[in-house]
Amino acid sequence: MRKILIVGAGQSGLQLALGLQSQGYEVTLMSNRTADEIRSGRVMSTQCMFDTALQHERDLGLNFWESQAPRTEGLGVSVAGPDSTRVIDWVGRLDGYAQSVDQRVKMAGWMETFAQRGGQLVIHGVAVGDLDYFSRSYDLVLVAAGKGELVSMFGRDASRSPHTEPQRALAVAYVHGLGPRPEHPDFDAVRCNIVPGVGELFVMPTLTTGGRADILFWEGVPGGPLDVFQGVKDPSEHLALTLELMERFTPWEYARATKVELTDAGGTLAGRYAPTVRNPIGRLPGGGLVLGVADVVVANDPITGQGSNSAAKCAAAYLAAIVEHGDRPFDEEWMQGAFDRYWQTAQHVTKWTNAMLAPPPEHVLNLLGAAGQLQPVADRIANGFDDPADFENFFFDPERTAAYLAEVTGA
């Protein structure tokens with residue numbers, strides 16, 4: 001029986017551990033926190049997952065909360081004008097619904113399931129020196145912990161990483177009491193509100209430790225008027241700032257948020273990081289090799305909401321690569337091949353995300369504007385969040401955008 005060590009118990013690490021476990025591998029999972037510590041801790045992300053990523057969970061029988069989590073059936077875009085009114089406003093319908101399950105709920109539940117099924121769960125922080133020692137006992141070591149010392153083993157790939165500094169200051173608040181968007185009171189949608197030159201506000205439904213909730217997520221241009229959350233420790237002050245900025249920049253969203261309150265004391269999060277693609281293979285001091293997973297090796301800005309989706313897709317790609325490899329050694333060539341398999345998907349996410357961090361060119365503004373008059377355009381953009389590869393066909397290139405709009409309008 002092949003022995004595999006996975007360090008990190010997030011979306012990718014746990015999904016991969018449970019998938020390998022179901023295939024008969026002897027899996028050890030290392031986490032720096034217990035399930036109870038995760039469940040009672042601070043929120044970690046927004047994790048809105050679209051249909052393809054959700055299907056990876058269904059395929060492994062891990063969709064434990066699907067019947068409880070809100071079904072997000074649309075994705076809408078609003079663009080603010082200089083006077084804080086909406087110059088663009090539409091909602092596209094998703095072919096398959098999206099869902100967000102608070103990672104405190106999901107990761108704690110999955111971790112307990114892994115242990116119940118006989119997996120070896122080790123609660124311990126891991127340094128490079130520890131990994132050097134542990135690695136000699138395993139056929140394969142995977143690093144799925146996207147923060148801390150271990151990430152330093154994976155060198156930055158400058159050719160795929162155009163940014164060296166954070167492109168957004170991030171601030172998340174989980175709330176109860178948000179009213180529906182009046183344009184579509186009968187179904188839930190992720191709402192992306194763009195304030196040109198300032199940042200973006202995302203609003204999305206979720207399932208949290210206290211049941212149904214909504215997430216208010218500001219992405220602010222560093223140094224701009226939204227970059228005010230650094231150093232704010234008090235959750236109530238964080239929420240007050242969130243609402244104050246909504247009233248100023250997105251009054252249409254603030255109108256349904258006047259009665260909100262935080263879900264719990266751990267319901268806020270703020271931070272920033274530079275989007276980075278790293279080399280997938282880490283070298284240990286003793287000569288051993290480890291393979292980076294998900295945002296260890298491809299960390300995009302959350303502006304396109306792809307983090308958990310990419311983590312699920314990476315875990316699925318690696319699971320298939322491991323199983324297909326049989327009893328052969330997991331050498332450097334195999335590791336590079338496993339990452340390349342994931343990069344076939346991830347490259348489209350990285351290109352699209354980096355494009356969305358820049359001011360939109362004229363043809364993209366035209367496309368977003370057209371979506372307000374042409375429902376098929378709105379629907380196609382919305383479904384691109386599930387399959388970002390489709391943006392190659394109509395989003396990046398002005399000529400392809402014009403040809404697509406001409407096709408839709410019959411011009």
Side-chain angles (χ1 to χ4, degrees), residues 46 48-53 72-81 86-96 98 159-163 167-168 189-202 204 217 219 221 275 277 298-310 313 342-411:
T46 55
C48 183
M49 297 179 67
F50 295 89
D51 187 55
T52 300
T72 299
E73 297 180 9
L75 185 136
V77 171
S78 304
V79 179
R86 285 170 283 181
V87 295
I88 292 174
D89 187 56
W90 51 261
V91 61
R93 297 301 291 260
L94 295 168
D95 293 340
S159 68
R160 293 171 171 172
S161 305
H163 302 296
Q167 298 301 295
R168 292 292 188 273
V190 174
R191 298 298 316 203
C192 170
N193 303 277
I194 300 170
V195 186
V198 175
E200 300 80 25
L201 171 70
F202 294 87
M204 68 195 76
F217 174 31
E219 288 228 346
V221 173
V277 177
V298 184
N300 291 304
D301 188 277
I303 192 169
T304 53
Q306 295 297 300
S308 292
N309 293 274
S310 292
K313 292 171 182 178
Y342 167 52
W343 182 247
Q344 292 301 310
T345 302
Q347 64 180 327
H348 302 292
V349 177
T350 297
K351 181 177 180 179
W352 172 45
T353 302
N354 287 333
M356 291 299 290
L357 289 168
E362 184 179 0
H363 75 278
V364 170
L365 288 173
N366 291 340
L367 183 69
L368 295 177
Q373 278 70 50
L374 301 164
Q375 192 61 39
V377 177
D379 293 348
R380 188 168 187 183
I381 294 172
N383 284 287
F385 281 74
D386 180 46
D387 178 19
D390 187 41
F391 286 119
E392 290 285 353
N393 300 316
F394 73 103
F395 185 87
F396 298 113
D397 180 72
E399 291 182 4
R400 288 190 177 186
T401 301
Y404 167 60
L405 292 177
E407 177 189 328
V408 174
T409 57

Would you call [X] and [Y] a side-chain contact if the rule is heavy atoms closer than 4.5 Å?
X: Asp95; Y: Asp51; result: no
X: Arg160; Y: Thr350; result: no
X: Thr52; Y: Asn309; result: no
X: Val364; Y: Thr401; result: no
X: Phe202; Y: Pro302; result: no
X: Trp90; Y: Ile381; result: yes
X: Met204; Y: Thr46; result: yes
X: Leu374; Y: Thr409; result: yes

Write down the atom of [X], the atom of [Y], and the distance for their closest heavy-atom approach.
X: Leu94; Y: Ala382; value: CD2-O, 3.5 Å
X: Val221; Y: Gly199; value: CG2-N, 4.2 Å
X: Arg168; Y: Ile303; value: NH2-CD1, 3.9 Å
X: Gly81; Y: Val87; value: CA-CG1, 3.8 Å
X: Ala80; Y: Pro196; value: O-CD, 3.3 Å
X: Val91; Y: Ala189; value: CG2-CB, 4.0 Å

For [X], enumerate each residue passing the salt bridge (charged side-chain N to carboxylate O under 4.0 Å, His left out) test, keeping only those at least two apart in sequence or located in another chain.
X: Glu219; result: none
X: Arg86; result: Asp89, Glu183
X: Lys351; result: Glu392

Exercise. Evaluate side-chain contact (heavy atoms from CB on, under 4.5 Å) for Val277 paired with Trp343, printing each intermediate quantity in order.
Key: CA-CA 10 Å; Val277 177; Trp343 182 247; 4.1 Å; yes
Quiz prompt | Phe391: partners by ring-ring contact (aromatic ring centres under 6.0 Å, His included), with sequence neighbours left out | solution = Trp352, Phe394, Phe395
Calculate, to the nearest 0.5 Å, the distance between atoms [atom1] and [atom2] belonging to [X] and [Y] respectively.
X: Cys48; Y: Phe217; atom1: SG; atom2: CZ; value: 12.0 Å
X: Thr72; Y: Met49; atom1: OG1; atom2: CE; value: 12.5 Å
X: Gln306; Y: Asp386; atom1: CD; atom2: CG; value: 8.5 Å
X: Asp387; Y: His348; atom1: CG; atom2: NE2; value: 8.0 Å
X: Thr304; Y: Glu200; atom1: OG1; atom2: CD; value: 10.5 Å

Quiz item: Which residue pairs pass the side chain to side chain donor-acceptor pair (under 3.5 Å) test when at least one of the two sits in residues 372-382, sequence neighbours left out?
Solution: Gln375-Asp379, Arg380-Asp390
Exercise. For Ala402, enumerate each residue passing the side chain to side chain contact (heavy atoms under 4.5 Å, CB included) test, keeping only those at least two apart in sequence or located in another chain.
Key: none
Practice problem: Spell out, as yes or no, whether a donor-acceptor pair under 3.5 Å connects the side chain of Glu73 to the backbone of Arg93. | Solution: no
Quiz item: Checking side chain to side chain donor-acceptor pair (under 3.5 Å) for the pair Asp301/Thr353: CA distance, chi angles, key distance, verdict?
Solution: CA-CA 7 Å; Asp301 188 277; Thr353 302; over 6 Å; no
